[in-house]
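Single-structure report; data block below.
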Amino acid sequence: MADSIKIRATLKGDVCTVKALIKHPMETGQRKDKKTGQVIPAHFIQEVVCTHNGKNVLTSAWGAAISANPYLSIEFSGAKKGDKIALAWVDNKGEKDSAETDIG
Amino acid sequence: MNTKRRIFLKGTLAGSAVAVAVGAGLLSPRQVLAAWPKEAFEAKDIAASLKGVYNADMTTPSNDIEIKAPDIAENGAVVPVTVNANIKGIESISLFVEQNGTPLTAVFNLAPNALGTVSTRVKMGKTSNVVAVVKAGGTLYAGRKEVKVTIGGCGG
């Protein structure tokens with residue numbers, strides 16, 4: 001799952017706002033395929049981590065009730081221009097991706 | 001003798017693999033988070049999942065937790081929710097949708113320098129309260145907001 005993350009970090013004073021969009025089906029495991037009647041197996045992101053210069057700002061556990069193509073936004077203080085922000089996720093099938101950006 | 005050697009080999013192999021991953025600075029949530037709280041996410045009511053996440057069953061209602069969500073959501077599959085908690089020393093924010101089959105939606109563990117603002121989008125099966133539980137200084141605070149759903153977002 002390469003290039004699944006769009007991430008942007010903006011600065012206001014020393015408060016950084018991280019906004020991320022992740023491309024992922026977030027399948028609950030309760031939906032049925034309309035044609036075959038088969039249950040579509042669950043496939044959703046379980047863990048998301050965001051770091052600032054390698055230090056965790058957010059560690060989170062998600063359930064299947066997060067919408068498809070999840071959006072996430074958090075804020076933290078103590079940031080400055082050019083700092084590195086990274087975001088990574090892992091889903092229930094063990095697929096994962098990560099992305100990095102500079103605060104601009 | 002042989003079995004012991006085998007166990008020893010296994011141990012060293014596994015150990016070195018972890019060392020390599022850490023040394024390479026690979027960013028992987030699996031190494032950072034404790035196990036995904038499966039029981040909490042599968043719990044059928046908020047009380048049970050609260051126990052799974054925070055090992056507690058009491059929350060204190062708080063007016064300092066603001067939940068921004070639409071009063072009426074046309075599409076339950078995508079309901080934008082922003083939690084804005086004006087409490088000092090926030091360690092964790094978790095989101096519940098009361099009427100969903102499994103209410104727990106997400107747990108956000110925040111670093112001390114993170115502000116109490118988290119935005120995401122959630123699925124809602126039907127009209128329900130959205131509940132945000134904020135853990136700060138060992139106490140759980142709760143805020144809620146009702147969202148009316150016209151088309152459910154669970155099941156197809």
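Just so it is clear, the structure is predicted and the values come from calculations on it, not from any experiment. Letters A, B, ... mirror the listed sequences (proteins, then strands); counts begin at 1.
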Residue pair B:F108 / B:V83, side-chain heavy-atom distance below 4.5 Å =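 When only atoms from C-beta onward are counted, B:V83 and B:F108 do not touch, as no gap falls below 4.5 Å.
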Tell me, for B:V118 versus chain A, whether the close heavy atoms (under 4.5 Å) come from the side chain, the backbone, both or neither.
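Answer is both: backbone and side chain atoms of B:V118 are under 4.5 Å from chain A.
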With a 4.5 angstrom heavy-atom cut-off, could you sort out which part of B:V79 is near chain A: side chain, backbone, both or neither?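 The answer is the backbone of B:V79.
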Original post:
Going by atom types only, do A:S4 and A:W89 share a side-chain donor-acceptor pair under 3.5 Å?
Top reply: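 Looking only at side-chain atoms, A:W89 and A:S4 do form a donor-acceptor pair, the distance falling under 3.5 Å.
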Quick one: do the B:N84 and B:T117 side chains pair a donor with an acceptor below 3.5 Å?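 Yes - a donor-acceptor pair under 3.5 Å links their side chains.
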In terms of heavy-atom pairs under 4.5 Å, which option from [options] contacts chain A the most?
options: B:A111, B:P112, B:S119; value: B:S119
options: B:V122, B:V97, B:L104, B:V81; value: B:V122
options: B:T120, B:I93, B:T105; value: B:T105

With a cut-off of 3.5 Å and sequence neighbours excluded, list every side-chain donor-acceptor pair involving residues 10-20 of chain A.
from  : atom 1 : to    : atom 2 : distance (Å)
A:D14 : OD2    : A:G78 : N      : 3.2

If we define contacts as heavy-atom pairs under 4.5 Å, which of [options] has the most with chain B?
options: A:V57, A:I74, A:N69; value: A:V57
options: A:A64, A:G54, A:A65; value: A:A65
options: A:M26, A:E100, A:E75, A:H52; value: A:E75

Exercise. Charged N to carboxylate O below 4.0 Å: is that the case for A:D102 and A:K81?
Worked result: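 Salt bridge: no.
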inquiry  = Salt bridge check, B:K148 against B:E146: does any charged N sit closer than 4.0 Å to a carboxylate O?
reply    =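 B:K148 and B:E146: salt-bridged.
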Side-chain donor-acceptor distances from residues 38-52 of chain B under 3.5 Å, at least two apart:
from  : atom 1 : to    : atom 2 : distance (Å)
B:K38 : NZ     : B:E42 : OE2    : 3.3
B:D45 : OD1    : B:A47 : N      : 3.2
B:D45 : OD1    : B:A48 : N      : 3.1
B:S49 : OG     : B:D45 : O      : 3.3
B:S49 : OG     : B:I46 : O      : 3.1

message: Need one label for A:A68: side chain, backbone, both or neither, based on atoms under 4.5 Å from any heavy atom in chain B.
response: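 Answer is backbone: N, CA, C or O of A:A68 sit under 4.5 Å from chain B.
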Checklist entry - Using non-hydrogen atoms only, which part of A:L21 is less than 4.5 Å away from chain B: side chain, backbone, both, or neither? => result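 It is the side chain, since no backbone atom gets that close.
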